[in-house]
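Notes follow once the structure below has been shown.
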Amino acid sequence: MSADGTIHDATTGEVIEPESMAATWEVPDLSLLREGRRTPPTFHPEWLGPHLARWAEAQSRATCAPIDYVSVSLLALVGGLLGNRRRPLAGAGWEEPPTLFAALVGDPSSGKSPASSAVMGLVNDEEASLDADYRHRLGEYEEAKLAADAIMAAHKSAAREAMRANPELATAIPAALPEGFREPMKPFLKRIVVRDSTIERLATLSAENPAGLILHRDELAGLFASFGRYSGGGGSDRQFFLEAYGGRSFTVDRVKSGDPIRVPHLSIGIIGALQPDKAAELLKGADDGFVARFLWCWPEPIAGFRIARETFDRGPAERVVNRCCRLHMQSNPPPMPDSPVLLPLEEGALAVLERFAQTIKVRESKASPLMKSALGKARGHALRLSCVLTHLWWGADPQASWDDPSNIGETAVATACELMESYFLPMAERVFGDASIPVAETHAAILVRHIREKRLSTFNASKARYTVGAPLRETSSMDAACAELVEAGILQPMSAPKKRGRPSKDFFVNPAIFAQPANG
C-alpha cells in the first residue's frame with residue numbers, strides 16, 4: 001500500500017482495485033502480533049489448604065510481595081525437608097524425590113528476596129534445636145580423642161621397645177593396633193539450609209545430613225555462573241546438581257585427599273531469586289534439561305508499598321516445618337544406609353496422574369525444544385508436588401494425627417496436576433518467552449511484523465524470503481509461516497490452490513492488522 005492508499009500486486013507491481021481483493025475477511029487471530037511476555041497466571045492460595053492459605057496471604061502482606069513468591073518458596077521448602085525422608089511411589093516402580101528447584105524471577109525491589117527469606121526463616125528454630133546438644137557431643141568427643149591418643153601413644157612406645165628387643169618384628173608390629181581400639185568420630189553440626197558452598201563441601205554436608213539439604217541463594221545467577229552457563233566450564237558442578245535433583249547416589253573425588261565422598265541419596269532442593277535479564281541469559285545455552293527441572297515463578301509486582309501493621313498467626317507454617325523435620329528415614333541393617341520411606345499412590349490418584357501424563361504427552365509433540373523439556377518434566381513435578389501437598393495439608397492441620405501420611409490420595413494428585421497445568425507450565429511459558437512458542441508460530445510472528453513494518457497489502461512469499469532473511473530464508477520455513485497466518489485469518493492466497501502444481505505464493509493481507517497496536 002503506497003502513501004496515497006493505492007494497492008500494488010507484489011509480483012507484477014500493477015495496481016489492484018479494492019473490489020478485486022478478497023471479498024470477506026474473518027475476524028483475525030491477532031495473538032501473533034503481541035510482543036512481550038505472557039500475562040502471569042494466578043496462584044490460588046487454596047491450593048495450599050485452608051490453614052496455609054490464610055498464612056500465605058498474611059505473609060504476602062507482611063513482606064509487601066506477591067503471594068506467588070511466598071507460596072512457591074513454601075512448596076520448595078517442604079519438598080526439601082521431605083528430601084530423603086519420604087518419596088511418592090506411582091505404580092510398581094516410578095518413584096521421585098519430593099525435592100524441588102524453585103526460581104523466583106523479578107526485578108529488584110519486587111519482593112522476591114524478603115518473601116523467600118521469611119519462609120526460609122521458619123527453619124531457624126528447627127536447625128537450632130537439632131544442635132542443642134552439639135557442645136556436649138563435642139566435649140565427649142574431645143575426651144574420647146584424648147584417651148584414644150594416649151592409648152595409641154602407649155601402643156607405639158611399646159612397639160618401639162619390642163622392635164629394639166627383637167628387630168625381626170619391625171615389619172609386623174607397626175601394622176598392629178591395640179585390641180578393641182577405635183578412633184572416635186568428630187561430631188558435626190546438623191544442617192537443613194546452606195547458602196553458599198563448593199560442590200565438595202555440599203557433598204560432605206549431604207553425607208553428614210542424609211535426610212537432604214536445601215540450598216537457598218538470594219541470587220541464583222552466582223550459582224549458575226559457578227558451573228558454566230555464563231562462563232563455559234564447570235561441567236562436573238552442573239552434573240552434581242542434575243544428580244541432586246534426582247536423589248540418586250553420587251561420589252565426589254576430593255581435591256586434596258584421595259578419599260572420595262560417597263552420598264547414598266544426593267537430594268538438595270534449591271530456592272533462589274533471579275533477575276529477568278539473568279533468566280534470559282540462562283535460556284540461551286544448550287538445553288540439557290537443567291532449566292526444565294526448575295519450577296518458575298514470575299508474578300507482577302505489588303503496586304506501591306505498605307508497611308504491614310497487623311500481626312498474623314505463623315502457627316500453621318511452623319507446624320508443617322516442625323512435623324516434617326521429625327519424620328525419620330527407613331532404617332536398614334548395616335552396612336546398608338538408611339533409605340526414604342515410599343508412599344504409594346491410591347488407585348484413584350494413579351488414574352488422575354495417568355490422564356495428566358497423557359495430556360502432556362500430546363502437548364510435547366507440538367512444543368518448541370525448551371518447552372518440550374519442561375513438559376517432559378511435568379508429570380514428575382506433579383508426582384513430587386502431590387507428596388509435598390499431602391504433607392502440607394497434614395502438617396498444617398492442628399487436628400491431624402501425629403501419625404504421618406502412609407499414602408498419597410486422589411485429591412493431592414489432582415491438585416498437583418492443576419498446579420502444573422494452571423500455574424507452573426504457563427509460568428514457564430512466560431519465563432521462556434519466545435523460546436516456549438512452537439517454531440512455526442515464531443516464524444509467523446517474524447513475518448507478520450515484517451508485513452506491518454513495510455505496510456504490505458499484498459506480498460509474494462518467494463521474494464519475501466530474501467527480504468525478511470533468516471530464519472525465513474528456507475522455503476519450508478516461509479511456507480509454514482504463511483500457513484500459520486492463513487489459519488489465523490491474517491493472510492489469504494490470491495488464487496485457490498491448484499490440484500496439481502505448487503500452491504500460490506501471492507497473498508492478500510488482512511487490513512485489520514494495521515489498525516492493531518504494536519503490542520497487541
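Since we're looking at a predicted model, the values are computed, not measured. Starting from 1, each residue takes its place in the sequence as its number.
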Quick one: ring-ring contact (aromatic ring centres under 6.0 Å, His included) pairs with a partner in residues 87-124, sequence neighbours left out?
Phe101-Tyr245, Phe101-Phe294
Can you list every pair that meets side-chain hydrogen bond (donor to acceptor under 3.5 Å, both in side chains) and has a residue in residues 317-330, with sequence neighbours left out?
Glu126-Asn322, Glu126-Arg326
According to the salt bridge (charged side-chain N to carboxylate O under 4.0 Å, His left out) rule, which pairs have a member within [range], sequence neighbours left out?
{"range": "residues 78-102", "answer": "Arg86-Asp404, Arg87-Glu95, Glu96-Arg384"}
{"range": "residues 295-310", "answer": "Arg61-Glu310, Glu300-Arg430, Arg306-Glu310"}
{"range": "residues 105-115", "answer": "none"}
{"range": "residues 347-360", "answer": "none"}

Looking at [X] and [Y], would you say the former's side chain and the latter's main chain have a donor-acceptor pair under 3.5 Å?
{"X": "Tyr69", "Y": "Ser60", "result": "no"}
{"X": "His443", "Y": "Glu484", "result": "no"}
{"X": "Glu127", "Y": "Ile192", "result": "yes"}

Could you pull out all residues at least two apart from [X] that satisfy side chain to side chain donor-acceptor pair (under 3.5 Å)?
{"X": "Arg262", "answer": "none"}
{"X": "Thr251", "answer": "none"}
{"X": "Arg248", "answer": "Glu243"}
{"X": "Thr63", "answer": "none"}

Step-by-step side chain to side chain contact (heavy atoms under 4.5 Å, CB included) determination, Met371 to Leu425:
CA-CA 9 Å; Met371 198 62 200; Leu425 288 175; 4.0 Å; yes
Can you give each donor-acceptor pair under 3.5 Å made by side-chain atoms of residues 386-400, sequence neighbours left out, with the distance rounded to 0.1 Å?
residue : atom : partner : partner atom : Å
Ser386  : OG   : Leu383  : O            : 2.6
Thr390  : OG1  : Ser386  : O            : 2.7
His391  : ND1  : Cys387  : O            : 2.8
Trp393  : NE1  : Trp47   : O            : 3.3
Trp393  : NE1  : Leu48   : O            : 3.4
Trp394  : NE1  : Ser401  : O            : 2.8
Trp394  : NE1  : Asp403  : O            : 3.3
Asp397  : OD1  : Gln399  : N            : 2.9

What's the verdict on side chain to side chain contact (heavy atoms under 4.5 Å, CB included) for His44 and Thr42, showing C-alpha distance, side-chain angles and the deciding distance?
CA-CA 6 Å; His44 299 288; Thr42 300; 3.9 Å; yes
ring-ring contact (aromatic ring centres under 6.0 Å, His included) filter on Tyr423, not counting sequence neighbours, yields Phe43
What do the steps show when you test Leu327 against Leu81 for side chain to side chain contact (heavy atoms under 4.5 Å, CB included), and what is the final call?
CA-CA 9 Å; Leu327 296 174; Leu81 293 178; over 6 Å; no
For the residue pair Phe250 and Phe240, is the inter-centroid distance of their aromatic rings smaller than 6.0 Å?
yes
Taking atom CG of Asp125 as the centre, does the number of heavy atoms from other residues, nucleotides or ligands within less than 6.0 Å exceed 12?
no
Taking CD in Glu219 as the centre, count heavy atoms belonging to other residues, nucleotides or ligands within less than 6.0 Å. Is the count above 12?
yes
On a heavy-atom basis, which atom in Glu57 and which in Pro45 lie closest, and how many Å separate them?
OE2-CG, 3.5 Å
